[in-house]
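One structure is given below, encoded as structure tokens.
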Amino acid sequence: MTDDLSSRAVPDKPTIEGLEETWLARWDDERVYHFDRSATRDEVYSIDTPPPTVSGSLHIGHVFSYTHADLMARYQRMSGKKVFYPMGWDDNGLPTERRVENYFGVRCDPSLPYDPDFGVPAKPAEQKVPISRKNFVELCQHLTATDEEVFKNLWRHLGVSVDWTLEYSTISPHSQAISQRAFLEMLARDEVYSSVAPTLWDVDFRTAVSQAELEDRERPANYHRVAFAQGDGSGRVEIETTRPELLASCVALVAHPDDERYQALFGTTVLTPLFQVEVPVVAHELADPEKGSGIAMICTFGDTTDVIWWRELSLPTRALIGRDGRFLPADFGAEDWPTRDVAAARDFYAQLEGRTVNQVRATVVDALRESGALIGELRAITHPVKFYEKGERPLEIVTSRQWFVKTLEHRGELLARGEQIKWHPDFMKHRYRSWVEGLNVDWNISRQRFFGVPFPVWYRLDESGAVDFEHPILADATQLPVDPSSDPAPGFDESQRHQPGGFIGDPDVMDTWATSSLSPQIAGYWGTDLFERIFPMDLRPQAHEIIRTWLFSTVVRSHFQHDSLPFTNALISGWVLDPDRKKMSKSVGNVVTPMPLLEQHGADALRYWAASGRPGTDTAIDEAQMKIGRRLAIKILNVSKFVLGRLEGVSDVSVADVSEPLDRDLLAKLAQLISDSTTAFEHYDYARALERTEGFFWSFCDNYVELAKSRAYGDGRDPATRSAHATLSLTLATLQRLLAPFVPFVSEEVWRWWHDSSVHLAAWPRVLELGDAPVATGVYDAVGDVLEAVRREKSTQKFSQRKEVAELVVTGPAEVLEVIQSGQRDLVDAGGVRSVIYHEAGEFSVRATLVPDA
RNA sequence: GGGCGCUUAGCUCAGUUGGUUAGAGCAGCUGAUUUACACUCAGCAGGUCGGGGGUUCGAGUCCCUCAGCGCCCA
């Protein structure tokens, strides 16, 4: 080390109060975390930072996970890498829309014209005020800008070493342009298509949702046993269904091909009750003989199994449920709606049209009972029902036009990509694999919403006004981003919108994951030289609940676009549980927000807690752990003050001055610590690095510093004193750097007492700094054992540790005694020992005779 | 139904390829106390490593099995 020891500035009373404000400002001024854009790919460590959803407040889980990423960023930066560490905000999408609706008391009505004078409402209206799409989007932008400031403030206070000049948001024009470009390129490569298909649909949000956004919830339901007359009049077939309201859309009955009860029925027809529609009885192995009566009705569509049956058995479509969740018109008697009794079917259906699912169910069940088709009592069950993860009502299946990314036909390649990722911890790869193996529909990327990236396509209208979806008009790639709902299609004039012979814009926006899956391209400015310097990214840090969404979709996009992985390493954080180890949730009301903890315990302390959570391990909020982190920070201040105080007036000590056996042994142990900590970080095991460093640090404070204390007070010309000075200096400089990723504020403070530039730009400690291969001799531990025995004797006799030892008898093997003897000077100083006697014997023991009271 | 993880001291967790008497921190208990630190220091106590079986000279660690908790996928 070539420290300028004359420029030390150690405060009289060091304190951790105020360190955060001081160093945040200095780091900004000195551009400590600034990314060097001239760096080449091999010099760079790039991080694909998760852009948090901007829809309210940050969660303690964010603090946990982002700290883990920051630990790696800081380690890599000190190791000499140019760290590309951006921060993004995922502000487009439904969560933002919901927040805006509630926050301002508005709702979007795309049919309304833009009101340029519409201001930001001071407080939400009682009734939600309908506003135009453009006004709505403006409110979304307004609110996300405010939220992002709050988020940014929190990250900064946590000490996340982001380069804030690399900030991005997924709704920005830049992100929209990247997203639209990537879409157009996928379209050109035939990786995306639009089609009219049965789609999982949330009737409250009035949008399609994708498989990745589904969750099963156990819901109570009733089995209704319903009798169908056989088509030839020979008898009845009894089915069981939980959704009798869909009876009018029944297109077949289905049973398992091996089910002996129904062999005779396969190939025959039955008549639906009430509607008298003749439908076939078919066989399919997905029919579960154990469920209900083993024979079920297939409706278009009651659930996803209906869709599979419908597709694989080529059944007709008789859709009943509209986008608003209400029953659509059904033209009984027309070609698509055959029935043996047109009048009765029409008459009854007239009571159902326009009603909700629950209303229709009640009406149908009453009619079935009255007609005698409902057999026995309802049978209550609970069964899993598909919900949109953010929704409150079960999903319906609605046929609509959607854009899909072809994932199914690339399943094998995508599984292979998952194997190529270095997962931390390794077992998280199973989450990815089981998700990809379970895919059963292509990735639906269109949402019938407003605040998102529009599809950069328009459609021609023919002379009759019919839409030609098969030949979309594509945006000019040099003109992105575009908004087809306000920009006219290329070659058309705005006046031709909605006119026969004119055009319409695609009304939908993209799924938020369709844009955030391009985070490397967005943050890295795909198409510029920067992108080549940072891609593929080195690290994707994230939480495990978004493996199937963000991680998977990023892999898909990168595989298609670049034929590569988007990142090399995936660092997956666990859950943060509440103090009682329960999962936090809004409904339970045990969600912990980070800001109060940050203010109470300090950033270093909160980071210390987060760093103790190993990758992939669920970790409970533990304020006791935060207090220990705070204690560590204070100890770092005090021991640094003390050591630097001992080094006052000392200059030019180096590893060559380390001559004492005790000191040399300490450096050998320090070398091992450097090696262990470095290896742990290289394996993304920051928690182990912390544990080892912390253990060494406390031992250094309580044992080495005590042992070397009096020697360090000696004459600077004495080699033993110089050895102590050099050891203290080297060890302190090493420990401050090893601790810097974990407790960046206090580490920076104590480092700057004797260095001119940031510890966060200092070189990560290397074993070579400690001279040529220090060899562990065991002096430190052996002397420590004797000292411990002396302390025990004093403690047992309830004396002060300052009580002197009249005679110390150390018994043990010759080689052990020799080792202890080499550290005797420090031992007698630290232990207050007047005389030491060595006895050679097999067993190690220590006997201390204290000086009697005067 | 398939898969993954966890189960070690009162609590939170380490324990690497099997190798002395299973470790740490916190909490508890007993003490100490003037200059780096009361946001301190020392010491003590506390575990048949979830149950059962097996492999081995030797198992917290490897294998089988059972149980409980949590999660992922269907």
Side-chain angles (χ1 to χ4, degrees), chain A residues 10-17 211-212 214-216 286 288 290 304-305 384 386 423 425-440 543-548 552 572 574-575 577 579-583 601-602 605 608-609 612-648 676 679-680 683 685 687-688 690-692 694-696 698-699 701-703 705-706 709 712 728 732 746 750 787-803 830-831:
Chain A
V10 184
D12 285 341
K13 277 276 168 199
T15 169
I16 58 170
E17 306 304 329
Q211 188 182 352
L214 301 186
E215 66 183 31
D216 283 353
L286 281 183
D288 183 356
E290 304 293 313
T304 50
T305 315
K386 297 219 179 303
W423 297 87
D426 187 61
F427 65 78
M428 284 293 173
K429 71 183 177 194
H430 300 296
R431 303 276 178 103
Y432 176 92
R433 191 179 43 203
S434 61
W435 169 250
V436 177
E437 285 174 346
L439 288 173
N440 54 39
H544 56 67
E545 75 264 27
I546 54 175
I547 288 174
R548 69 175 182 174
F552 170 70
I572 309 296
W575 290 104
L577 307 173
D580 299 324
R581 295 199 67 77
K582 296 278 186 304
K583 191 175 160 181
H601 300 285
Y608 174 87
W609 161 74
S612 71
R614 299 185 128 71
T617 304
D618 294 349
T619 302
I621 293 173
D622 186 353
E623 295 201 51
Q625 193 71 5
M626 294 171 201
K627 287 180 182 144
I628 297 161
R630 190 181 169 88
R631 211 162 67 95
L632 173 66
I634 292 166
K635 193 73 172 180
I636 292 168
L637 280 179
N638 284 312
V639 80
S640 297
K641 174 181 180 235
F642 177 74
V643 168
L644 293 178
R646 294 284 58 72
L647 296 176
E648 205 168 330
D676 287 350
T679 303
H683 289 92
D685 195 353
R688 175 188 292 261
L690 172 58
E691 185 191 44
R692 297 296 161 93
E694 190 191 8
F696 188 101
W698 283 100
S699 165
C701 293
D702 295 338
N703 295 319
V705 170
E706 291 303 321
K709 200 180 238 178
L728 286 169
L732 185 70
V746 75
V750 295
L787 184 62
E788 187 185 312
V790 171
R791 285 167 167 170
R792 186 182 302 117
E793 187 60 26
K794 293 176 182 177
S795 194
T796 305
Q797 298 197 31
K798 303 189 177 174
F799 279 114
S800 159
Q801 290 298 326
R802 290 171 178 269
K803 180 81 174 177

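Throughout, protein chains are lettered first and strands after them, A, B, ... in sequence-line order, and every chain is numbered starting at 1. In this text the structure is predicted, and so the values were computed from the model without any measurement.
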TODO: Answer with base, sugar-phosphate or nothing: what part of the nucleic acid does A:Glu788 contact at a heavy-atom distance below 4.0 Å?
DONE: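 If one applies the 4.0 Å heavy-atom cut-off, A:Glu788 turns out to touch the sugar-phosphate alone, with no base involved.
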
Task: Touch class at under 4.0 angstrom, heavy-atom based, for A:Trp698 against every strand present - done: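 Touches sugar-phosphate only.
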
Whole angstrom value for the distance that separates [atom2] of [N] from [atom1] of [X]:
X	N	atom1	atom2	answer
A:Gln801	B:rA32	CD	P	11 Å
A:Leu577	B:rC13	CG	P	9 Å
A:Arg692	B:rC13	CZ	P	18 Å
A:Arg792	B:rA32	CZ	C1'	16 Å
A:Phe799	B:rC44	CZ	P	18 Å
A:Phe427	B:rG2	CZ	C1'	18 Å

- [ ] Kindly indicate whether a cation-pi arrangement holds for A:Arg692 with A:Phe696, taking the cut-offs as under 6.0 Å to the six-membered ring centre and within 45° of the axis.
- [x] no

Open item on the list: Here's one to test your reading of the geometry: is the NZ or CZ of A:Lys583 within 45 degrees of the ring axis of A:Trp575 and under 6.0 Å from its centre?
Closed with: yes

Which whole number of Å gives the distance between the [atom1] atom of [N] and that of [M]?
N	M	atom1	answer
B:rU34	B:rA27	C1'	30 Å
B:rA36	B:rG31	C1'	23 Å
B:rA22	B:rG15	C1'	8 Å
B:rG50	B:rC6	P	12 Å
B:rU17	B:rU21	C1'	23 Å
B:rU8	B:rU48	P	12 Å
B:rC71	B:rA32	C1'	49 Å
B:rC11	B:rC4	C1'	26 Å

TODO: Determine the interplanar angle of the A:Phe552 and A:Trp435 rings, folded into 0 to 90°, and report it as parallel if under 30°, tilted if 30 to 60°, perpendicular if over 60°.
DONE: perpendicular

Short side-chain N/O contact to [N] OP1/OP2 from [X], under 4.0 Å:
X	N	value
A:Arg802	B:rU35	yes
A:Lys798	B:rG31	yes
A:Arg433	B:rG3	no
A:Lys635	B:rC41	yes
A:Arg791	B:rA32	no

So, the side chain of [X] versus the backbone of [Y]: is there a donor-acceptor pair under 3.5 Å, distance only?
X	Y	value
A:Lys794	A:Phe799	no
A:Ser795	A:Arg791	no
A:Gln625	A:Ala620	no

Task: Intermediate values then yes/no, side-chain contact (heavy atoms from CB on, under 4.5 Å), A:Asp702 and A:Lys635 - done: CA-CA 11 Å; A:Asp702 295 338; A:Lys635 193 73 172 180; 4.0 Å; yes

Task: Which residue lies more 5' along RNA chain B, comparing A:Asp702 with A:Lys13 via nearest heavy atoms - done: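 Looking at RNA chain B, the more 5' nearest nucleotide goes with A:Lys13.
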
Open item on the list: Reading RNA chain B from 5' onward, which residue's closest nucleotide shows up sooner: A:Glu17 or A:Lys709?
Closed with: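 It is A:Lys709, whose closest nucleotide lies nearer the 5' terminus.
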
Open item on the list: I'd like to know whether A:Lys709 forms a salt bridge (charged side-chain N to carboxylate O under 4.0 Å, His left out) with A:Glu706, so could you lay out the CA-CA distance, the side-chain angles of the two residues, the decisive distance to 0.1 Å, and finally the verdict.
Closed with: CA-CA 5 Å; A:Lys709 200 180 238 178; A:Glu706 291 303 321; 3.5 Å; yes

Applying a 3.5 Å limit to both distances, which nucleotide forms a Watson-Crick or G-U wobble pair with [N]?
N	value
B:rC49	none
B:rC69	B:rG5
B:rG19	B:rC57
B:rU40	B:rA32
B:rG25	B:rC11

Task: Charged N-O contact under 4.0 Å between A:Lys627 and A:Glu623 - done: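 Salt bridge: no.
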
- [ ] Salt-bridge test for A:Lys641 and A:Glu648: reply yes if a basic N is under 4.0 Å from a carboxylate O, no otherwise.
- [x]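 No.
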
TODO: At under 4.0 Å between heavy atoms, which parts of nucleotides 22-29 of chain B does protein reach? Answer with one letter per nucleotide, 5' to 3': B base, S sugar-phosphate only, - none.
DONE: ---SS---

Task: Protein proximity profile, nucleotides 67-74 of chain B - base contact B, sugar-phosphate-only contact S, no contact -, cut-off 4.0 Å on heavy atoms - done: ----SSSS

Measure distances between side-chain N and O atoms of [X] and base N and O atoms of [N], and say whether any donor-acceptor pair falls under 3.5 Å.
X	N	value
A:Ser795	B:rA42	yes
A:Arg614	B:rU12	no
A:Glu706	B:rA36	yes

Task: Minimum side-chain heavy-atom gap A:Thr619-A:Arg614 below 4.5 Å - done: no

TODO: Would you mind reporting whether A:Leu577 and A:Lys582 have side-chain heavy atoms less than 4.5 Å apart?
DONE: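 In short, these two side chains do not touch, never coming nearer than 4.5 Å.
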
Open item on the list: The side chain of A:Thr796 is closest to which nucleotide in this list: B:rA36, B:rG15, B:rG43?
Closed with: B:rG43

